[in-house]
Amino acid sequence: MVELEHRSAVSGVAWDWAAPDRSRAAVFPVPGGVAVLQAAGVVVLSGETGEELWQYRVSEGEVSGNVSDDGRHVVLRSEGDTGAGTGGTELTVLDSGTGEIVHEFDSNGVEAVERVGWMPQIGESLSGVTGDIWVVHDEAGVTAHQWEDGEARWSSATADLARCTDVGSVDDLAVLDGVVVAAFTCYEQPEGEDPVDMVEGREFVSGLVGLDPASGEELWRHEEQLGLFPADSQGRTLAVQESGLLVVEYPYTELRQFVDPAEGEVWDLGRNNVLWSSGDGSRLGVWHAESRDYRIEDRSGGVLASLEEKTGASPEPTVSGGGFLGLEEGVLHIAEEIPADAEEPVIGYFSGFEGTSEIDASGHGGARWEIHAAVSVPGAVVVSYTETEGRSGVIGLR
């Protein structure tokens with residue numbers, strides 16, 4: 001497989017892939033391009049050309065799935081026998097670069113928390129996969145299951161992880177080669193009182209702990225009180241970047257943290273956000289919410305480039321509602337939808353240090369578009385969409 005670099009900037013549409021079953025597509029970066037997860041399985045496309053590299057489809061029934069946090073595996077879950085011969089709820093673990101089956105596993109009896117998201121075919125718990133183990137969490141704690149026999153290689157109880165004698169929870173996981181990061185919350189629920197998980201002013205602990213993937217041994221710990229109330233901490237999500245660094249986001253306050261999981265270093269970002277990081281993690285693309293400025297910074301906060309200083313003004317995109325995607329040379333503003341009667345349908349607006357460009361979809365007029373996600377993958381930025389006429393697919397920007 002040809003190794004492709006992530007795009008540092010984009011200026012137009014390079015390719016368009018139409019989903020054969022018209023189901024909404026979830027997109028994930030994998031070696032060589034993008035994994036497109038649909039109701040019947042997964043298709044991996046080249047980021048450079050949009051050509052199909054490999055696919056795996058289940059003949060009967062619908063599947064849920066995910067891509068592992070390290071990007072090396074695609075994991076599909078389906079009801080019934082997919083070939084392993086054991087029936088029940090089957091996991092099929094595929095090498096994301098080749099499509100080869102690495103493991104087939106009967107997951108009956110494995111307890112795991114599944115958050116309900118906007119994309120029903122995404123199984124949140126399936127991202128915690130490595131070549132050796134599958135790490136999940138539930139109310140009891142965190143457990144690493146080994147592929148050979150499904151037995152627990154190690155487990156850690158919530159009370160121990162959170163060091164909590166009252167209400168404790170494990171809220172999210174990030175599973176990488178050298179460390180498993182668990183987000184946890186601990187707070188006191190006074191006996192006989194109404195629940196205090198959404199009451200401001202209460203003391204609670206919002207923590208992160210790094211665990212050894214081989215043994216579950218604690219490697220590092222970070223504790224503070226961050227967020228409005230305990231439920232804000234419990235709703236956190238951990239997002240793994242290409243560099244292996246983490247962004248932690250709090251849903252109610254929209255506060256964020258930036259984490260080096262190898263070293264256990266944690267930085268509070270406030271309402272700013274790290275949208276991009278270089279492969280070695282030495283340079284960060286930081287969106288500053290108050291000034292609406294996108295800056296390339298080093299790990300100590302030194303500014304290497306500022307979009308506002310370079311262009312003389314904060315970017316005023318011609319699209320709205322869809323959010324931002326950071327790249328090395330600027331920030332891509334994504335439209336939330338494209339009206340059917342748009343004379344010049346615009347997918348996004350790239351504000352770069354060396355100039356700006358509108359990205360249009362003039363070849364797709366006549367139907368209303370809903371844009372779901374934009375993700376940087378090797379070779380392209382990919383945008384998933386559906387049309388009112390039922391068509392869905394993925395567009396590659398270069």
Side-chain angles (χ1 to χ4, degrees), residues 28-31 65-77 91-97 101-107 109-115 123-163 168-184 207-223 236-248 257-266 277 279-281:
F28 303 87
V30 293
N66 212 324
V67 170
S68 60
D69 287 329
D70 62 11
R72 297 178 184 173
H73 300 94
V74 176
V75 188
L76 301 178
R77 175 172 54 201
L91 292 192
T92 304
V93 182
L94 306 160
D95 183 304
S96 62
I101 296 176
V102 179
H103 300 289
E104 291 178 307
F105 181 77
D106 182 357
S107 64
V110 175
E111 297 293 333
V113 170
E114 291 287 1
R115 289 180 173 172
E124 295 290 346
S125 70
L126 303 180
S127 65
V129 164
T130 72
D132 300 317
I133 55 176
W134 176 28
V135 187
V136 297
H137 72 95
D138 61 9
E139 292 183 359
V142 177
T143 304
H145 298 271
Q146 54 194 20
W147 294 121
E148 290 83 359
D149 53 15
E151 296 295 323
R153 178 173 295 188
W154 56 263
S155 62
S156 185
T158 297
D160 297 330
L161 279 175
R163 297 180 180 173
S169 61
V170 177
D171 311 315
D172 202 7
L173 294 176
V175 180
L176 304 169
D177 273 349
V179 63
V180 175
V181 180
F184 65 86
L208 299 165
V209 60
L211 306 173
D212 186 326
S215 65
E217 178 184 357
E218 183 176 317
L219 302 175
W220 55 262
R221 174 177 291 266
H222 176 86
E223 294 184 356
R236 284 171 296 171
T237 56
L238 308 183
V240 183
Q241 298 200 333
E242 177 202 358
S243 59
L245 302 173
L246 303 180
V247 174
V248 185
Q257 295 168 303
F258 188 63
V259 183
D260 183 338
E263 303 296 331
E265 296 179 300
V266 180
S277 56
D280 61 3

Taking every heavy atom of Gly131 against every heavy atom of His73, the minimum-distance pair comes out as N-CE1, 3.6 Å

Looking only at heavy atoms, which two atoms of Ala182 and Leu173 are closest? And how far apart? CB-CD2, 3.6 Å

Please determine whether a side-chain nitrogen of the Lys or Arg among Arg236 and Asp172 lies less than 4.0 Å from a carboxylate oxygen of the Asp or Glu. no

Under the criterion side chain to side chain contact (heavy atoms under 4.5 Å, CB included), I'd like the reasoning laid out for Val181 against Leu246: C-alpha separation, chi angles, the key distance, then a yes or no. CA-CA 9 Å; Val181 180; Leu246 303 180; 3.9 Å; yes

Minimum side-chain heavy-atom gap Trp220-Leu208 below 4.5 Å: yes

Hey, does Phe184 have a side-chain heavy atom less than 4.5 Å from the side chain of Val142? no

Near Glu148 CD, under 6.0 Å, is it more than 12 heavy atoms from other residues, nucleotides or ligands? yes

Do any N or O atoms from the side chain of Thr158 and from the backbone of Gly141 form a donor-acceptor pair under 3.5 angstrom? yes

What verdict does the side chain to side chain contact (heavy atoms under 4.5 Å, CB included) test give for Glu265 and His222, after you've listed the backbone C-alpha separation in whole Å, the side-chain angles of each residue and the deciding distance to 0.1 Å? CA-CA 8 Å; Glu265 296 179 300; His222 176 86; over 6 Å; no

Could you tell me if the side chain of Leu211 sits less than 4.5 Å from the side chain of Leu219, heavy atoms only? no

Any donor-acceptor N/O pair, His137 side chain to Ala183 backbone, under 3.5 Å: no

Arg221 (side chain) donor-acceptor with Leu161 (main chain) under 3.5 angstrom: yes

So how far is it from Leu94 CG to Glu104 CD, rounded to the nearest 0.5 Å? 9.0 Å

Please evaluate residues Val67 and Val75 with respect to the criterion side chain to side chain contact (heavy atoms under 4.5 Å, CB included), reporting the C-alpha separation (whole Å), side-chain torsions for both, the decisive distance (0.1 Å), and the verdict. CA-CA 6 Å; Val67 170; Val75 188; over 6 Å; no

Any side-chain heavy-atom pair from Arg153 and Asp132 closer than 4.5 angstrom? yes

Let's go through Asp95 and Arg72 carefully: what are the C-alpha distance in whole Å and the side-chain angles of both, what is the deciding distance for side chain to side chain contact (heavy atoms under 4.5 Å, CB included) to 0.1 Å, and is it a yes or a no? CA-CA 6 Å; Asp95 183 304; Arg72 297 178 184 173; over 6 Å; no

With no hydrogens and no angle check, is any side-chain donor or acceptor of Asp212 less than 3.5 Å from a backbone partner on Glu217? no

Is there a side-chain contact between Pro213 and Ile133 in this structure, where contact means two heavy atoms from C-beta onward sitting under 4.5 Å apart? yes

Strictly distance-based, threshold 3.5 Å: is any side-chain N or O of Ser96 a donor or acceptor partner for the main-chain N or O of Gly71? yes

4.5 Å side-chain heavy-atom contact, Val110 and His145: yes

Closest non-hydrogen atoms of Gln241 and Phe258, given as atom of the first, atom of the second and distance, are OE1-CE1, 4.2 Å

Can you tell me how far OG1 of Thr143 sits from CG of Asp138, rounded to the nearest 0.5 angstrom? 6.0 Å

What closest approach, in Å, do Ser169 and Asp171 show between heavy atoms, and which atom pair accounts for it? OG-OD1, 2.7 Å

Just by distance, do the side chain of Trp147 and the backbone of Val102 share a donor-acceptor pair under 3.5 Å? no

Answer whether the closest heavy-atom distance between the side chains of Val240 and Leu238 falls below 4.5 Å. no

Of the non-hydrogen atoms in Leu176 and Gly244, which two are nearest, and what is the gap between them? CD1-O, 3.7 Å

Does any non-hydrogen side-chain atom of Trp134 lie less than 4.5 Å from one of Leu91? yes

Whether the Ser277 and Ser243 side chains hold a donor-acceptor pair (N or O, under 3.5 Å, no angle test) is what I'd like checked. yes

